[in-house]
Every structure is written in C-alpha cells, then in structure tokens.
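Data first, discussion second: the structure below is written as structure tokens.
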Protein chains: 2
Amino acid sequence: MDNSGGFTEPHRHGACGHHVPGDDCRFCSIRRLSVCSALDQDELSFLEGMAGDSVFEEKSTLFREEDESISVYNVTSGVIRLVRSLPDGRRQITGFALPGDFLGLALQKQWKFSAEAVTDVKACRFKRSTFDDFSEQKPHLMKRMHEFATHELSLAQDHMVLLGRLTAEEKIASFLVLMKRRWTRVEGHELGLIRLPMGRQDIADYLGLTIETVSRVINQMQRDRKLVIVPDGIRFIDAAYFEQHAIA
Amino acid sequence: MDNSGGFTEPHRHGACGHHVPGDDCRFCSIRRLSVCSALDQDELSFLEGMAGDSVFEEKSTLFREEDESISVYNVTSGVIRLVRSLPDGRRQITGFALPGDFLGLALQKQWKFSAEAVTDVKACRFKRSTFDDFSEQKPHLMKRMHEFATHELSLAQDHMVLLGRLTAEEKIASFLVLMKRRWTRVEGHELGLIRLPMGRQDIADYLGLTIETVSRVINQMQRDRKLVIVPDGIRFIDAAYFEQHAIA
DNA sequence: GCGCTACTTTGATTTGCATCAATGCCGTCG
DNA sequence: CGACGGCATTGATGCAAATCAAAGTAGCGC
C-alpha cells in the first residue's frame with residue numbers, strides 16, 4: 001500500500017488551525033469534537049487570542065516523552081502517533097490522535113509519550129501555563145478536560161483488553177472497526193473507505209504484533225474476501241464479519 | 001501460596017471508613033493519598049456528612065460493568081480487582097485498586113468495568129449525583145479528580161507497554177516492582193514483604209498471561225534465588241535483578 | 001483426622017506468532 | 001530509463017507461551 005503523502009486534508013472550513021485575520025474559531029470544523037465545545041462565544045474569543053498555530057510535516061516529531069510540556073495542542077487536521085519506547089527500541093503505540101483530539105490533558109510538566117506526525121498535521125497550540133490558568137478559572141472547561149481524560153481512560157482499557165487477550169485476527173478486526181468509527185465521527189459521515197494513513201509497522205506497534213503478522217492477517221482477510229486493500233486504506237466487503245470479530 | 005483470607009487489614013487508624021460517632025475524616029489514614037486531600041476542614045466535614053460506609057467481603061462484587069454507577073467509592077482498606085470480561089469468558093484485569101484509590105472518576109452513568117473484592121474491603125461511599133454536584137462547586141476537587149484521572153491514564157499507558165511488548169519474565173518483574181512501590185506508598189514505609197493478596201489467576205489476567213506461565217516464572221525466579229515465596233506474597237532476594245528487568 | 005474444595009505447581013505437547021530471509025512494489029531522482 | 005531506498009509481502013523455520021493433563025498443598029468443615 002502507498003502511504004507516502006497520499007493523505008489529503010479533510011477539513012476545508014477549519015479555522016482553529018488558521019489564526020490569521022478573517023479566520024476564527026467560530027468556523028472551526030472540529031470544534032464540536034474538541035474541548036473547545038465547552039466554551040461560549042466570549043471564552044472562545046479569549047482562548048483564540050492566546051492560541052498559536054502549529055504545522056508539523058509528515059514524519060516530524062511534535063515532542064518526545066522526556067520533553068517538558070511547554071505547550072498543549074488541539075489537533076485540527078492530520079494524524080499523530082503517540083509512542084512509548086523502551087531502551088532497546090521496542091515500541092508501543094498507545095494511540096493515534098485524530099482531528100479534535102487534545103494533547104496535554106495531564107497537568108504535569110513532562111510528557112509521558114512521544115508524538116510523531118504520521119501525516120502533515122495542523123494544531124492549535126496553547127502555552128501550557130496560560131491554558132492551565134484559563135481552565136483553572138473556567139470549571140466547565142476543566143470538567144470538559146476531565147471528561148476527555150476519562151474517555152481516554154476507557155479507550156485505554158479497551159486497548160488493554162485487546163493487547164492482553166485478543167488473537168492477531170481479533171486485534172486487526174477491532175483496529176479496523178475502531179478506525180472506521182473514529183473517521184466517521186471526524187468526517188461527520190460514513191465513507192466506504194477506511195483511511196489508514198499509518199504504515200504497517202505503526203499498526204503492528206499499536207496492536208502488539210510484528211509487521212509481518214499485520215501484513216499476513218490483512219492480506220489473508222483480502223484473500224478471504226472480507227475486505228479489499230485500496231490506496232490509503234481498506235474497504236470492508238464483509239462488514240458482518242468485522243462486527244462479529246471486533247471486540248470492544 | 002495461600003491467599004484464602006490471609007490478608008490482614010493494614011489500616012488501624014482509618015476513620016474515613018468508619019462513619020460512626022467519634023470517628024471522622026480528620027483521622028483517616030489514607031486521606032493524604034486520596035482525592036480528599038484536596039479539601040479543607042469545612043469541605044471535609046461537609047463531605048463526611050454525605051459519606052456512607054461500605055464493607056464488602058472477600059470475593060464479593062462491588063459492581064458489574066453493565067451496572068449503572070449510582071455510587072462512587074474511596075477505598076480505605078483492602079484490594080479490589082478491576083475487570084473487563086469478554087463474552088467467551090476471557091478476562092483482562094485493568095488494574096488493582098488499593099487504599100486511597102477512587103472508583104468513579106468518569107462522569108458517566110455506566111461503569112465500564114467490574115469491581116470485585118480480592119480481600120475484605122472497606123470504602124467511603126458517596127451518591128454519585130451528590131458527589132458530582134459537590135465537585136462541580138469545588139474546582140479544586142474537580143482538579144484533583146482530573147489529576148487522578150490523568151495519573152491513571154499514565155499508568156494505563158505503562159500497562160499497554162507491558163501487555164504489548166514485554167516478555168513473561170519482564171511482565172512478572174514489572175508487576176512485582178509496581179506492587180512493591182504501591183504498597184510502600186500506602187503503608188508509608190517499606191516492608192520486606194511484597195503483599196500479593198490476589199491469586200495467580202488474577203496476576204495472569206492482569207499481565208495477559210496464563211496461570212501456568214505466572215506460576216512457572218515466579219517459581220523459576222525462586223529457584224534462581226531472585227526472590228522467595230512467602231505466605232501472602234513474595235520477598236525480593238536480588239533486588240538489583242528486579243530493578244534491571246522491570247520496565248516502566 | 002479425613003476428605004473436600006479451591007488453588008498452585010509441574011510436566012508434556014502443541015501452536016500462534018515471532019524471527020529470519022528473500023522477494024516484490026512503487027515512487028523518486030540522478 | 002534504471003538503480004536505489006523505503007515499505008510491504010511472502011515463505012521457511014524457531015520458540016515462548018498456551019494448552020492439556022496430572023499431581024501437590026493447604027485451609028476448612030464435619
């Protein structure tokens with residue numbers, strides 16, 4: 001499959017990601033998904049005033065696990081992998097951040113994971129100290145961040161079940177169903193295509209498998225006519241099969 | 001090893017768990033560890049007024065994943081396993097709750113996991129709606145709960161690395177080091193003994209292994225003189241070995 | 001004390017996935 | 001164009017942990 005740059009920006013009305021005169025948060029296409037949805041117009045304007053705009057190109061690193069977290073981010077477009085690495089090079093991807101996701105929920109100075117741009121990425125950037133002060137003043141924003149955190153926690157528990165107890169086939173099926181759900185939410189409507197902007201190695205590191213196993217299982221599914229591999233992702237043929245085998 | 005009931009209650013000054021006249025939160029031995037440490041004297045008194053006292057005996061179920069979460073809990077003594085189950089009986093234990101831990105961080109009506117008492121358990125119980133209203137009024141309590149949630153999230157990420165990328169030996173070593181750290185924190189001082197009130201099956205379900213593998217690895221470590229198995233837990237002989245092999 | 005029950009340990013064997021090793025497939029750039 | 005570099009795929013083999021199968025141990029009630 002081809003992953004090299006073939007991922008086109010799905011947000012054309014995005015504004016949060018463009019803090020240039022004329023653009024503003026009111027037209028941000030992912031606001032409904034983001035922490036910002038907790039804010040009223042005045043608060044949004046205030047927050048917009050302290051927002052910066054970040055662009056990261058494919059394969060670049062937003063931050064490393066050992067870095068101090070000076071900024072927090074609201075992803076507006078693109079995909080980011082969140083990585084925990086072991087000293088000997090083993091990696092576990094703990095999640096993929098999609099548009100609407102927030103990086104920096106933890107109120108700590110240090111990141112606990114690395115963030116690497118899988119595609120070109122745009123994000124609203126806030127100075128951590130400023131954002132923290134603001135959320136300290138706005139209980140409903142703090143509450144919204146807490147909701148985000150507990151939602152993440154629930155996803156993390158799903159992920160633990162997947163890593164600890166599913167077979168390779170179940171892991172792949174669950175991953176594909178999850179990606180389908182997440183893209184549908186981001187894009188606001190269902191696409192036949194399930195976008196897989198990340199490479200096979202990233203999928204393997206997310207699922208606790210090797211790249212060879214990921215490749216074998218997906219290609220076997222194609223041979224069994226459960227799905228077709230297409231540029232930039234896959235397409236379900238036998239959706240019922242996936243509903244059956246995906247867990248969580 | 002014997003796990004049947006051999007776990008003695010470590011908190012003798014506990015008060016949060018005993019809302020009878022004369023006892024109160026001021027003497028709660030795990031308050032420093034709990035969400036309550038965010039509260040001042042007045043708030044503590046108010047919260048105490050709305051607290052109930054729960055006792056669960058060994059092997060009993062606090063709640064199931066499908067249950068509505070009517071109450072939230074502050075564990076004051078004992079150990080609870082947090083379980084996600086699959087339809088076919090496979091289980092993943094996502095964590096063990098120890099004294100000071102809070103159950104009910106999520107602001108949702110439904111639990112996403114079951115909680116089962118590994119030992120006899122005592123907990124402060126609060127009506128969810130009342131507790132939520134209170135935390136809505138008290139930004140520093142909300143903030144404290146958010147800190148708890150993001151800390152849990154970080155632990156969950158450690159757990160994902162363990163499940164996805166560690167060998168059986170590394171999983172066991174990491175688990176034992178984690179339990180040592182957690183008990184030391186709860187008890188306020190280091191014990192030679194690392195308490196393992198949970199059975200081998202629970203350890204296996206926490207680590208994504210089978211009971212046979214857990215038993216084999218621990219017994220091999222004993223044969224290799226890395227540790228000794230004692231009633232209610234284990235004792236490190238070669239602490240350096242564990243520092244070496246434990247990850248996260 | 002004896003037998004029951006629940007849990008743990010140990011051994012033999014199997015197996016799912018990893019590892020090792022090519023080969024294939026593009027896209028890119030000299 | 002043709003060679004190169006970076007994935008992805010495919011095949012052969014190995015091995016860590018699962019599974020299958022007993023046997024051991026300890027607490028408990030009678």
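Below, read A as the first sequence line, B as the second, and so on, with proteins coming before strands; counting in each chain starts at 1. Reckoned from all heavy atoms, side chains included, excluding hydrogens, waters and symmetry mates.
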* In whole angstroms, how far is the P atom of D:dC28 from the CD atom of B:E58? -> 10 Å

* Note, B:R235 side chain near B:L227 side chain (heavy atom, < 4.5 Å) -> no

* Check the pair A:Q92 / A:R84 against side-chain hydrogen bond (donor to acceptor under 3.5 Å, both in side chains), numbers first and verdict last. => CA-CA 5 Å; A:Q92 177 65 45; A:R84 288 269 188 125; over 6 Å; no

* What integer distance in Å separates B:I203:CD1 from D:dA17:P? -> 16 Å

* **A:F96: which of A:Y206, A:F113, A:W183 passes ring-ring contact (aromatic ring centres under 6.0 Å, His included)** => A:Y206

* To do: Starting from P on D:dT19, measure out to CD on B:Q201 and report it in whole angstrom.
  => 11 Å

* **Closest to the A:R223 side chain, choosing from D:dA8, C:dT9, D:dT10** => D:dT10

* Spell out, as yes or no, whether a donor-acceptor pair under 3.5 Å connects the side chain of A:S114 to the backbone of A:E65. => yes

* Asked: Mind checking whether A:F148 and A:F102 have ring centres under 6.0 Å apart?
  -> no

* Structure fact -> Here the distance between atom P of D:dA18 and atom CD1 of B:I211, to the nearest Å, is 12 Å

* Structure fact -> Rounded to whole Å, the CG-P distance (A:D232 to C:dG27) equals 11 Å

Report, one pair per line, the protein and nucleotides 16-20 of chain C atoms (nitrogen or oxygen only) whose separation is under 3.5 Å.
from   : atom 1 : to     : atom 2 : distance (Å)
C:dC17 : OP1    : A:A168 : N      : 2.9
C:dA18 : OP1    : A:T210 : N      : 3.4
C:dA18 : OP2    : A:T210 : N      : 3.3
C:dA18 : OP2    : A:T210 : OG1    : 3.0
C:dA18 : OP2    : A:T213 : OG1    : 2.4
C:dT19 : O4     : A:R216 : NH2    : 2.8
C:dC20 : N4     : A:E212 : OE2    : 3.0

* Asked: Which value, rounded to the nearest 0.5 Å, describes the distance between A:L178 atom CG and A:I247 atom CD1?
  -> 13.5 Å

* Asked: Would one find a side-chain N or O of B:N219 under 4.0 angstrom from OP1 or OP2 of C:dT10?
  -> yes

* Send over the distance from B:L196 CG to C:dT9 C1', rounded to a whole Å. => 16 Å

* Asked: For B:I234 and C:dT9, what is the distance between atoms CD1 and C1' respectively, to the nearest whole Å?
  -> 17 Å

* Structure fact -> From the candidates D:dA8, C:dT8, C:dC7, the one with an atom nearest any side-chain atom of A:R200 is D:dA8

* Grab the CD-C1' distance between A:Q222 and D:dT10 for me, whole Å please. => 14 Å

* Asked: According to the interplanar angle, ranging from 0 to 90°, do the rings of A:Y73 and A:F56 count as parallel (below 30°), tilted (30 to 60°) or perpendicular (above 60°)?
  -> perpendicular

